[in-house]
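Contents: one structure, followed by commentary.
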Amino acid sequence: MTPGTAVGTHPPADLSMNETPYPPLPGVRRVVTDAAAALQRYPDRTSAALVAALSQRLGVGPEAILVGPGSAGLCQHLVQSLGPRPDVVHPALSFEGYPLIIGNAGARAVPVPMDGYAHDLPAMADAVTERTRCVLLCNPNNPTGAALRRDDVEAFLDRIPADVPVIVDEAYREFVTDPRSPDGMDLYRAYDNVCVLRTFSKAYGLAALRVGYAVVPPRLTRAAALTGAVFFPSALAQAAAVASLTPEVGAELTRRCTELVAERTRLIGALRGLGLTVAPSEANFVWLPLGERAVPFADRAREAGILVMALPGAGVRITVGSPEANERLRAFVRAALADGL
Ligand SMILES: Cc1ncc(COP(=O)(O)O)c(C=O)c1O
């Protein structure tokens, strides 16, 4: 393929949104179709069946669980409910939604620059003051793919005042294989101020339905539930999420994540083999720190029918797609580099 040439017959390969390349998990589509028979009815505003399923799965009481229309929406309600202190400390470069979420929640963003690909946890702890409403951690980090280490997070949490909640965003948790990276639920059990944020959008493949959840110290759930009271997941989303939590579906989810992680390893190896710098990744995407070449790279990729996410001046984030899409990407990169990109 020649770079810059539109790929006539292929639909674009969208590797820009960190979506799963797999079709809906077994049985989930049927559950959604069945739920569609009662579209005239409001959803259960307490999401009782989903909260019960999560409570059983996670081993925490239902009073510790919040569900919402995507983890981003839920994050906003949580941050809003944790006021009135003004500041929210967050890593930067991280999820592009954080500054928006923090602003929408009526708070002030305090970005703390990264240490390479990773959070600078000592600097984040230094940034916490009596004005701090809460801290956001992203594990693994979007867009750099770096996972936090248990020892580092514990040293960080030991420095954070007990009345400052730390929200650990685990949107990509299911793709983590590094045993040194902590499970947010273990942190939740060990520290009284940890909140864990997860989503059904990524590994579970329910991005279109908008459903996520948080595990939050019960003393904080009431205010957050009130803040988000009119924003509960749709009936279809609740039904699909419940169906996704059965053991049989869980086995297929694990199989898919293992397959995707193997594909991630292959893709990183292939791109490095072509001479690119690729950050280590514990997520379903890879990060190329291309600096000023980021936008030209993404533009050329788009012309070649491949959509990636460019952060101007920083780099390009590419979702690990199907083997076919990844092969297309590899062919594009090889041709583009040969062409002097
Ligand atoms: C780190 C992180 N958190 C949260 C989200 C939001 O996910 P959703 O609102 O679909 O649950 C995303 C989406 O890309 C993300 O990358």
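Sequence positions, counted from 1, serve as the residue numbers for this chain. Read the numbers this way: they start at 1 and go in the same order the structure lists the ligands and their atoms.
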**Report entry** Any donor-acceptor N or O pair under 3.5 Å, side chains Y172, N18
**Finding:** yes

Query raised in the report: Are side-chain N/O atoms of R266 and N326 paired as donor and acceptor at under 3.5 Å?
Result: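 Absent: no donor and acceptor within the cut-off.
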
Query raised in the report: Quick one: does L206's side chain get under 4.5 Å of V28's, heavy atoms only?
Result: yes

Requested in this report: With sequence neighbours excluded, tell me which residues meet salt bridge (charged side-chain N to carboxylate O under 4.0 Å, His left out) with R189.
Outcome: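 So R189 forms a salt bridge (charged side-chain N to carboxylate O under 4.0 Å, His left out) with D186.
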
Any protein N or O within less than 3.5 Å of an N or O in ligand 1? List each pair with its distance, or say none.
residue  : atom   : partner : partner atom : Å
ligand 1 : 3 (N)  : D169    : OD1          : 3.4
ligand 1 : 3 (N)  : D169    : OD2          : 2.6
ligand 1 : 7 (O)  : S71     : OG           : 3.4
ligand 1 : 9 (O)  : S71     : N            : 3.2
ligand 1 : 9 (O)  : A72     : N            : 3.0
ligand 1 : 9 (O)  : R210    : NH2          : 2.8
ligand 1 : 10 (O) : S201    : OG           : 2.6
ligand 1 : 10 (O) : R210    : NH1          : 2.8
ligand 1 : 10 (O) : R210    : NH2          : 3.3
ligand 1 : 11 (O) : S71     : N            : 2.7
ligand 1 : 11 (O) : S71     : OG           : 2.8
ligand 1 : 11 (O) : T199    : OG1          : 2.5
ligand 1 : 11 (O) : S201    : OG           : 3.4
ligand 1 : 14 (O) : Y172    : OH           : 3.3
ligand 1 : 14 (O) : K202    : NZ           : 2.9
ligand 1 : 16 (O) : N142    : ND2          : 2.8
ligand 1 : 16 (O) : Y172    : OH           : 2.6

**Report entry** N-O pairing of E259 and R256 below 4.0 Å
**Finding:** no

Query - Over 12 non-hydrogen atoms of neighbours within 6.0 angstrom of CD in Q56 - result: no

